[in-house]
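Because only heavy atoms are used, hydrogens play no part in the values below, and waters and symmetry mates are left out as well, while side chains stay in. Naming: A, B, ... by sequence-line order, numbering from 1 per chain.
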Protein chains: 2
Amino acid sequence: MRRAPPYDRDKALDAATELFWRKGYHATSLKDLEAALGMKPGSIYAAFKSKEALFLACLDRYARRSREALRAQLGRGGSMLAALADHLRTHARQNPGGAEARACMIVKTMLEATPDESRLAAGARAHFEQMRAEFAAAFERARAMGELAPDADPALLAARYQAALTALRVEAHRGAAADELAALAESLAQEVERLRVAPGPARAAAAEAPRAAQPAG
Amino acid sequence: MRRAPPYDRDKALDAATELFWRKGYHATSLKDLEAALGMKPGSIYAAFKSKEALFLACLDRYARRSREALRAQLGRGGSMLAALADHLRTHARQNPGGAEARACMIVKTMLEATPDESRLAAGARAHFEQMRAEFAAAFERARAMGELAPDADPALLAARYQAALTALRVEAHRGAAADELAALAESLAQEVERLRVAPGPARAAAAEAPRAAQPAG
DNA sequence: GGGTAATTTGAGCGATCACTCAAACGTGAT
DNA sequence: ATCACGTTTGAGTGATCGCTCAAATTACCC
């Protein structure tokens, strides 16, 4: 019979994720973690095997939650393209000082991990590719629904969508003004919605955005 | 009369930049720098005042060279939009193992710097904004040349262009296959060229890209 | 209440961190 | 040659790094 652990694993992972996300892997010390988790080094190493393993656990959790949030936003039925566009707009609505006004932890880790820290690098890349697969599946569904042209390339669209999202979150991280961030997100979102092909002569004609003066960048 | 320093400041900065760019600020130790620069700690601290100051010197140099490379590519006369598009394509042509197949050092630093490392964060942001100003100036020139519609928004276009470039370099950093990277770059480049407005009824009609099946993402 | 096993504790491990400084050294002027 | 001066040297600074482990503590079963 195991004794119930007096520490709350979920809260500990929350605190560790917040710390790692904000400061990155290298700049976060065990002292920081001890303070944030309210645990002594021995407990941390009993619960999680090492600093690296703890980081990877946080990253996995973060990625899983990101994926679930995406699916929740895309799975409400209705237009896939509209949902994808709204997902971009969502990321511009974060309050500037908030925890979400930060670049994606997966991307941060990809850029921070050195080649010899292979587990961090491989983990981050795997999660990045998994998100890409989510986006590709969404575009495939859009194509199946007739929102996209039959010869549309979901893989390329997914790459471009992820690029837009990545850059948008870098812009938020930079501290861009809320209105500039919203304008950029809106511009990228309209780009997605402009992919829609007219399904019939009547119903979705309004969804076809008019050719604007600056449609791209 | 000062004695000429026996160390080559330019080569030292080259080596330090390579190291910082690859490993980031925190993961680069003084031991690493000693080995790469061929200098003992005392010399490093005499030549550059601290690890942080050395990093900032490298970052300044990197940003200045990036700016100069951009100006060289955009200043050859001819179409600004074509030059901007080609600049994107250039970044996809880097050989995969090469030193350039890495995310932008400015962006890496923006994402790595913690809020309390204010000099690193501020320096990276300043350089990022300076690059944005370069892009905005290029789009303004394009508008003045009649390549863009008179009501085009250079600031927004610059933000979108920088977003595309940032994401493209993240994709290269990730280790994307050369053909996928080229496809993404080509897609983004065409997006830029599609901004062109027909200048006259005849001459530049061919430059107006035909409306493709998947123009955006 | 006593026994047992799982868990937490926290001092402290060796290694490495960024950095310093007195001494050795090289160079140009005399 | 000799001197004066500025640079390079590299052993060594205290602090902090990630991490360990024997001992104390706690919860559960009988």
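- Within the 4.5 Å cutoff, side-chain heavy atoms of Leu88(A) are placed close to those of Tyr161(A).
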Sub-3.5 Å pairs of nitrogen or oxygen atoms, protein against nucleotides 19-21 of chain C:
| residue | atom | partner | partner atom | Å |
| --- | --- | --- | --- | --- |
| dC19(C) | OP2 | Tyr45(B) | OH | 2.4 |
| dC19(C) | OP2 | Lys51(B) | N | 3.1 |
| dC19(C) | O5' | Tyr45(B) | OH | 3.0 |

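- Taking atom NZ on Lys31(B) and atom P on dG12(D), their separation rounds to 14 Å, with Å as the unit.
- Rounded to a whole Å, the NZ atom of Lys23(A) is 13 Å from the P atom of dT16(D).
- Between the NE2 atom of His26(A) and the C1' atom of dG18(D) there is a distance of 12 Å, given to the nearest Å.
- Nucleotide dT20(D) holds its P atom 13 Å from the CD1 atom of Ile44(A), rounded to whole Å.
- Under 4.0 Å is where a charged nitrogen must lie from a carboxylate oxygen, and between Arg160(A) and Asp153(A) no such pair does.
- With rounding to whole Å, Asp32(B) atom CG is found 18 Å from dA15(C) atom P.
- Nucleotide dT8(D) holds its P atom 12 Å from the CG atom of Leu37(B), rounded to whole Å.
- Geometrically, Lys108(A) does not engage Tyr25(A) in a cation-pi contact defined by less than 6.0 Å to the ring centre and at most 45° from the axis.
- Atom pair Met39(A):CE and dT25(D):C1' shows a separation of 15 Å (rounding to whole Å applied).
- Counting only heavy atoms from C-beta outward, the side chains of Leu13(B) and Leu37(B) never approach each other to under 4.5 Å.
- Under the 3.5 Å distance criterion, with hydrogens and angles disregarded, a donor-acceptor pair is assigned to the side chains of Gln190(B) and Glu186(B).
- Here Lys40(A) does not reach the OP1 or OP2 of dT8(C): none of its side-chain N or O atoms lies under 4.0 Å away.
- If you take OH of Tyr25(B) and C1' of dC17(C), they are 11 Å apart, rounded to a whole angstrom.
- The pair Arg89(B)-Glu193(B) meets the salt-bridge criterion, since a charged nitrogen lies less than 4.0 angstrom from a carboxylate oxygen.
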